[in-house]
Every structure is written in C-alpha cells, then in structure tokens.
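Naming: A, B, ... by sequence-line order, numbering from 1 per chain.
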There are 2 protein chains.
Amino acid sequence: MANHVDRILEQWHSEKPDLDVSPMAVIGRLTRAAVAVESRLAKTFARHALDSASFDVLATLLRSGAPYRIAPVELARDAMISTSAVAQRLNKLETRGLVSREANPNDGRGTLVALTESGRELIEAALPDHVETEHAIIATLSVEEQANLAVLLQRIHEAACS
Amino acid sequence: MANHVDRILEQWHSEKPDLDVSPMAVIGRLTRAAVAVESRLAKTFARHALDSASFDVLATLLRSGAPYRIAPVELARDAMISTSAVAQRLNKLETRGLVSREANPNDGRGTLVALTESGRELIEAALPDHVETEHAIIATLSVEEQANLAVLLQRIHEAACS
DNA sequence: TATTGTTATACTCTATAACTATA
DNA sequence: TATAGTTATAGAGTATAACAATA
C-alpha cells in the first residue's frame with residue numbers, strides 16, 4: 001500500500017517538476033506520525049477520564065516528587081501556555097477534586113497547586129498504562145533505532161526553533 | 001544546555017526508578033519537534049495571509065493539477081476531518097474569493113471546489129516560500145539521515161495506528 | 001437506503017485585557 | 001514598577017445533529 005505522503009509527492013512531481021519537494025517526505029511524515037501518536041495516547045488518557053492537558057498537569061505534579069506542589073507559573077512555562085490557560089485547566093481539575101490550591105508560604109502573591117489524594121491515585125493508575133502505550137508504539141524500533149530517532153528529532157526541533 | 005525532555009526523564013528516574021520511561025525520550029521529542037515545526041511553518045503561512053488549514057486546501061487543489069477542481073468529500077478524506085469542517089473551511093476561503101463552488105456535472109448531489117485565479121496566484125506565491133522553510137528546517141540533516149528519519153517516522157506512524 | 005453537502009448549534013481550548021494583591 | 005494569579009470575554013476550530021437533495 002503506497003502511503004499518503006508518497007502520493008502527495010508524486011502529485012507535486014507531475015504538477016511542479018522543477019520544485020524540490022523532498023523536505024515534505026520528512027516533514028509530512030513527522031506531522032502525521034505526531035498526530036497518530038497523539039490520537040493513540042488520547043485513548044489511554046480517556047480510559048482514565050483524562051485528556052492530554054489534564055494528564056500533563058497531574059504527571060508534572062507527580063514527577064516533581066513529594067510534597068507534590070508546584071506554582072502555576074511553573075506549569076505555564078512547562079507547557080508553554082499562558083498563565084490564564086493554566087488557571088482554566090486548574091479550575092477543571094480542582095472541580096473534580098484532583099488538585100487543590102494553597103497559598104504559597106514563600107510568596108504572598110503566589111499559589112501552590114497540590115495533588116490531592118484522589119489526584120495522586122488517578123495519575124498513579126494512569127501512568128503505567130500510558131507508559132505501556134508508548135512502549136507499544138516504539139517497540140517496532142530497535143534500541144539503536146530509538147536512540148537514532150531521538151537524536152534526529154532533537155536536531156529537527158533545534159533547526160525549527162532557530 | 002540540557003533539554004526539556006532530558007529533565008523530565010531525570011525526574012521520572014528519581015521519582016519512579018522502577019518505571020521504564022525510555023519511550024518518552026522518543027515520543028516526547030516527536031511531539032515537541034512536531035509542535036516546533038508547525039509553529040515555524042505557520043509563520044510562513046501568515047506572511048501569505050494563510051493558516052495551515054487554508055494552505056492545505058489550496059495546495060491540495062493546486063497539486064491535483066488542471067482543472068483544479070476537487071469534491072469536498074475528497075478534501076475531508078485527505079485532511080481526515082468531517083465534511084462539516086471542510087464546508088466551514090470552504091466558506092472562509094470562498095468569502096475571500098480564493099475558491100468557488102460549482103455543481104458537479106457527474107453527480108447531482110455533489111459540488112466541485114474550484115481554485116479561483118486569485119486563489120491560484122496566492123498558492124503559487126506561498127508554495128515556494130513554504131518549501132524553502134521546510135528546506136531550512138531539514139537542511140541540518142544529510143540526505144541519508146533524512147531518508148532514515150522518514151523510514152523511522154513511517155514505522156512509528158504505522159505502529160501508532162495499529 | 002445510502003451518500004453528498006450545508007447550516008445550526010454547542011463544545012473545547014486558547015489568548016487578551018482588566019483586575020487584585022503582593023514583591 | 002514588576003510579578004503572580006484569576007476571571008470575563010471573545011475568537012478559532014471542531015464535531016454532532018438535522019436537514020435537503022440526489023444516487
């Protein structure tokens with residue numbers, strides 16, 4: 001089965017033979033692979049009544065270690081979104097009792113987002129399931145191929161940001 | 001400069017030493033690379049008063065070749081979105097005079113989306129600029145590395161869909 | 001009956017602006 | 001003055017459902 005990206009390249013070759021569209025072979029596959037992976041991961045999140053954004057907040061709190069408390073501004077930097085977007089994500093999680101907000105003892109302006117017992121249980125249950133899904137996706141690659149892919153993606157990332 | 005993904009892996013290692021989080025090294029970088037690339041491409045699209053979705057529709061029409069006419073249902077399959085989402089994208093493009101809708105002579109139920117003169121000019125101008133941006137991003141990789149990366153991404157894509 | 005296409009509607013996610021409070 | 005955080009608001013994008021028309 002010829003894949004989608006190949007068909008697109010063939011179309012460009014007949015329509016614009018002088019245009020070097022070879023970058024699309026990589027970037028087209030990068031985009032599609034990322035979409036497919038996100039979609040697959042979303043299914044695992046949904047099994048735990050989570051979406052990608054909520055999982056991200058809870059996982060960030062969990063991996064920060066005890067006492068599982070982070071300032072919203074940290075979460076915003078981490079996820080590269082506005083502090084307003086963070087506040088709205090937190091509202092949803094707080095309504096569900098998965099996180100709570102406390103005053104920051106070191107900064108009167110600040111807040112600390114805390115993982116509740118219920119939030120802790122949920123993310124502890126979802127995490128191994130998530131890792132297993134990721135494992136299933138990359139298991140088709142050997143360890144060397146995985147390392148190679150990570151390096152190439154890192155370089156693409158840096159090139160895109162420069 | 002240690003990168004973000006490495007920091008996340010280190011945190012997991014201290015917090016959950018028994019969990020094999022090695023898949024995150026690949027999938028984390030895949031997601032972040034895709035986001036960075038999309039963001040970079042968006043800047044080029046914006047210079048031509050386009051967004052990714054609009055560019056996609058116009059480019060699909062252009063590479064289909066003369067007479068530059070496609071049924072909406074084809075566009076939906078291509079972009080993997082609902083026909084309703086296509087209709088709404090087309091409304092925007094039609095308002096701007098970049099595409100027009102005609103009756104499909106072969107199917108009374110159907111419509112053909114046609115690239116207008118104005119739409120043709122716009123996409124012909126944006127395309128080389130877009131390809132140049134993609135070229136700038138992947139130029140850090142040798143031809144062999146590009147081919148290798150494409151193969152690895154293809155396999156990740158297939159694994160994620162299975 | 002199934003397919004094509006559109007609109008109305010609602011939902012989600014986000015950023016901007018305005019505001020409060022503290023550093 | 002700058003920073004932290006929240007809410008109100010508006011905008012973009014999407015899918016679902018309802019509908020009309022043709023196969």
Side-chain angles (χ1 to χ4, degrees), chain A residues 31-32 34-36 38-39 41-43 45-46 49-58 60-61 64 69-96 98-114, chain B residues 31 34-36 38-39 41-43 45-46 48-58 60-61 64 69-96 98-114:
Chain A
T31 304
R32 280 160 200 274
V35 169
E38 287 307 306
S39 164
L41 299 182
K43 287 179 192 165
F45 295 146
L50 290 171
D51 56 20
S52 171
S54 298
F55 178 90
D56 211 46
V57 170
L58 299 181
T60 301
L61 281 164
S64 74
R69 273 155 177 78
I70 298 182
V73 73
E74 282 291 318
L75 292 170
R77 270 196 283 266
D78 228 64
M80 297 197 292
I81 55 176
S82 66
T83 57
S84 142
V86 168
Q88 288 167 75
R89 287 185 181 185
L90 294 177
N91 287 345
K92 281 183 21 181
L93 290 167
E94 196 173 28
T95 301
R96 295 178 60 190
L98 301 174
V99 305
S100 61
R101 291 192 252 219
E102 308 171 348
N104 186 334
N106 302 319
D107 188 335
R109 297 169 302 183
T111 300
L112 284 182
V113 182
Chain B
T31 304
V35 169
E38 287 306 306
S39 164
L41 299 183
K43 288 179 191 165
F45 296 147
H48 296 272
L50 289 171
D51 56 20
S52 170
S54 298
F55 178 91
D56 211 46
V57 169
L58 298 180
T60 302
L61 281 164
S64 74
R69 275 158 176 77
I70 297 183
V73 72
E74 282 291 319
L75 291 170
R77 270 195 281 267
D78 229 64
M80 297 197 293
I81 55 175
S82 66
T83 57
S84 142
V86 168
Q88 289 166 73
R89 286 185 182 186
L90 294 176
N91 287 346
K92 281 181 24 180
L93 291 167
E94 197 174 27
T95 301
R96 296 178 59 191
L98 301 174
V99 305
S100 61
R101 289 193 252 219
E102 308 171 348
N104 186 333
N106 302 320
D107 187 333
R109 297 170 302 182
T111 301
L112 284 182
V113 182

**Study point:** Pairwise side-chain contact, A:R89 with A:V99, heavy-atom cut-off 4.5 Å (strictly under)
**Key:**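 Heavy-atom side-chain distance check fails, nothing below 4.5 Å.
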
Practice item. State, yes or no, whether a side-chain contact exists between B:K92 and B:V57 at a heavy-atom distance under 4.5 Å. Key: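 No, their side chains stay 4.5 Å or more apart.
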
Review point. For A:R32, which residues count as a salt bridge (charged side-chain N to carboxylate O under 4.0 Å, His left out) partner, sequence neighbours excluded?
Key: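 Applying salt bridge (charged side-chain N to carboxylate O under 4.0 Å, His left out) to A:R32 gives none.
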
**Study point:** Set of salt bridge (charged side-chain N to carboxylate O under 4.0 Å, His left out) partners for B:E38, sequence neighbours left out
**Key:**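 Testing B:E38 for salt bridge (charged side-chain N to carboxylate O under 4.0 Å, His left out), a comparison that skips the adjacent residues, returns none.
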
Revision key, fill the gap. Its 5'-most and 3'-most nucleotides having an atom under 4.0 Å from a non-hydrogen atom of chain A, DNA chain C is contacted over C:dC13 to C:dA23

**Study point:** A:T95 (side chain) donor-acceptor with A:N91 (main chain) under 3.5 angstrom
**Key:** yes

Review point. Tell me, for nucleotides 10-23 of chain D in 5' to 3' order, what letter each nucleotide earns: B for a base near a protein heavy atom under 4.0 Å, S for only sugar-phosphate near one, - for neither?
Key: ---SBBB-----BS

**Study point:** Pairing residues for A:T111 by the side-chain hydrogen bond (donor to acceptor under 3.5 Å, both in side chains) criterion, not counting sequence neighbours
**Key:** none

What side-chain donor-acceptor pairs closer than 3.5 Å can you find for residues 70-78 of chain B, not counting sequence neighbours?
residue : atom : partner : partner atom : Å
B:E74   : OE2  : B:R77   : NH2          : 3.2
B:D78   : OD2  : B:R63   : NH2          : 3.2

Exercise for review: Report which part of the nucleic acid A:N91 touches: base, sugar-phosphate, or nothing (heavy-atom distance under 4.0 Å, all strands).
Suggested key: sugar-phosphate

Check your understanding: Distance from A:L61 atom CG to A:L93 atom CG, nearest 0.5 Å?
Key -> 9.0 Å

